[in-house]
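I have placed the structure first, in the form of structure tokens, so that the comments after it can refer back to it.
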Protein chains: 2
Amino acid sequence: MTGSRREAPSTADAAVFRPVRAGNAFEETVERLLQAIRLGVAVPGDRLPAERELATRLGVSRVTLREAIRSLHEAGYVESRRGRYGGTFVNDVLPTPHPLSDRGPVDLPDTLTLRHVLESGAAESAASRPLDQSDHHNLRARLQDCLTSDITEYRRRDSRLHLAIAEATGSASLTAAVADVRMRVTELLDTIPLLEPNLAHSNEQHERIITAILNGNPDAARKAMAEHLDGTASLLRGFLA
Amino acid sequence: MTGSRREAPSTADAAVFRPVRAGNAFEETVERLLQAIRLGVAVPGDRLPAERELATRLGVSRVTLREAIRSLHEAGYVESRRGRYGGTFVNDVLPTPHPLSDRGPVDLPDTLTLRHVLESGAAESAASRPLDQSDHHNLRARLQDCLTSDITEYRRRDSRLHLAIAEATGSASLTAAVADVRMRVTELLDTIPLLEPNLAHSNEQHERIITAILNGNPDAARKAMAEHLDGTASLLRGFLA
DNA sequence: CCCTAAAGGTCTACTGCGGAACCATTGCAG
DNA sequence: CTGCAATGGTTCCGCAGTAGACCTTTAGGG
């Protein structure tokens, strides 16, 4: 402990006594909705769940959710329509995001370390459990989305594929953690250019990862994922160092 | 998306539209302080940081923190003393916790999957970076604490060792994630007996893990950690299945 | 012996947020 | 063409939580 009579203060203190809340309810809600859009869980044209339902699922009041939606509307992400079969819809053209935006500076090594652990672990874990037909279908469909994507949509479909891998582990907590860390990485990636060669290379790696998972080969899945992540990691280190 | 015109609802929805807050500020604060005590970050006799400082670090008001401390006091975990050099101190004899206590039922596979990913990943990550002298010292000291521990203190020292491994990755986010998942595991472990043979076996595995990390052998570290975790995983599955 | 620093203990606004009721708009079914 | 159901839009009230000032206790130093 800090000031303990026993020994020097440790950094475990920092982990346990970190803030209990990341921000206020409004900010957290905006962040989640942005996550849905940026990670490709809600694609242009999609309708978000109705306000009453969404508020319940997010655990915030409808008023707070509506404030979040309003700020997303003002930022150009969504439009709302009233009446039966109305709702809040993701815009077809999304705003090009923020030059390493609003909030505090990100700790690059911290983010990359966490990402490596979570995503290579998820790949291994997904490959070492029996997958049902819908898992197979989902993984293959998301892979195909990447292969057939142009540059403008690639980042979202890439995220969606990685999320599908996390889902295939069957662990909701792990999936949530992967979604969070990908959000952090995505914010960084959006500040650097995406080139055709990277995309082709990325697609090859995706195929190897998915093949290993579908074949139930944990070690190969982990290794393929690790290589894949190393690629973007050195890219980021290069541009942001 | 749910209700999307495009395709079937996916479980990624659940990850992104999960609740933004785990509970109210009071409950979260109690949880954190319990974490500090149960994971051995604050051991009996230790003084917690002063209320004003702790409230700032946890990002809650002093009133809320004090309510949390009061409920820990009533539960027998801590005592507070006024005056200069006063403070809140961890009791020497801690209450034996809750028979799979208050909150909702835990998803065992979910917890174990997340734990496997985080902790084996942390071991690998710690082994693949240069460690300074204080890292070496910390790891060896925590290992020694386990080797010389009797049964009553073993769980706390075990957690503290595993936390030290996470710290050695240098990633604050990963350390926090490991602390959280260990808290979930600890609550489960506290409901089943701890036997001498398990303890001896555990110690052997700990030595192999730490040796691999200190020698900078990522694969060995990961493998040793994975075996170690498999042990308690099947124990838990046995008792709780 | 008293003063001061550092800690816990108390009180008082103020505010963010949740809960719930109610209004307004829209499209489909009858 | 009328009514209903499903949605977004609005309003109000109450409570949990925050911020900050202030009180009380205690140990050590001058």
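Chain letters run A, B, ... following the sequence lines, proteins first and then strands; every chain starts at 1. These values consider heavy atoms only, across backbone and side chains, with no hydrogens, waters or symmetry-generated copies.
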Atom pairs, N/O to N/O, protein against nucleotides 21-28 of chain D, distance under 3.5 Å?
residue: D:dT24; atom: O4'; partner: B:R82; partner atom: NH2; Å: 3.4
residue: D:dT24; atom: O2; partner: B:R82; partner atom: NH2; Å: 3.0
residue: D:dT25; atom: O4'; partner: B:R82; partner atom: NE; Å: 3.4
residue: D:dT25; atom: O4'; partner: B:R82; partner atom: NH2; Å: 3.3
residue: D:dT25; atom: O2; partner: B:G83; partner atom: N; Å: 3.3
residue: D:dT26; atom: O2; partner: B:R84; partner atom: N; Å: 2.8

[X] has an atom [atom1]; how far is it from atom [atom2] of [N], in whole Å?
| X | N | atom1 | atom2 | result |
| --- | --- | --- | --- | --- |
| A:I69 | D:dT7 | CD1 | P | 13 Å |
| B:E79 | C:dG9 | CD | P | 11 Å |
| B:E67 | D:dT18 | CD | C1' | 12 Å |
| A:F26 | C:dT15 | CZ | P | 18 Å |
| A:F89 | D:dT7 | CZ | P | 10 Å |
| A:E28 | C:dG18 | CD | P | 12 Å |
| A:L54 | D:dG8 | CG | P | 9 Å |
| A:N24 | C:dG18 | CG | C1' | 14 Å |

Nearest non-hydrogen partners of [X] and [Y], listed with the distance:
| X | Y | result |
| --- | --- | --- |
| B:T111 | B:V181 | O-CG2, 4.0 Å |
| A:T169 | A:A122 | CG2-O, 3.4 Å |
| B:Q35 | B:A179 | NE2-O, 3.3 Å |

>> With a 3.5 Å distance limit and no angle check, can you tell me whether B:D150 reaches the backbone of B:E153 through a side-chain donor-acceptor pair?
In response: yes

> Would you find a donor on one side and an acceptor on the other, under 3.5 Å apart, between the side chain of B:R32 and the backbone of A:R18?
Replying inline: yes

Taking only the side-chain heavy atoms of [X] (C-beta and beyond), determine which of [options] contains the nearest atom.
| X | options | result |
| --- | --- | --- |
| A:T88 | D:dG17, D:dG8, C:dC17 | D:dG8 |
| A:S80 | D:dT18, D:dG9, C:dG9 | D:dG9 |
| B:R66 | C:dC11, D:dG8, C:dG9 | C:dG9 |
| A:V63 | D:dG8, D:dT11, D:dA19 | D:dT11 |

> Between B:R184 and A:S173, does any side-chain donor sit less than 3.5 Å from a side-chain acceptor?
Replying inline: yes

Within less than 4.0 Å of OP1 or OP2 of [N], is there a side-chain N or O belonging to [X]?
| X | N | result |
| --- | --- | --- |
| A:T64 | C:dG18 | yes |
| A:S61 | C:dG18 | yes |
| B:R21 | C:dG18 | no |

> Under the side chain to side chain contact (heavy atoms under 4.5 Å, CB included) criterion, do A:T191 and A:L240 qualify, and how do the steps go?
Replying inline: CA-CA 9 Å; A:T191 67; A:L240 303 178; 4.1 Å; yes

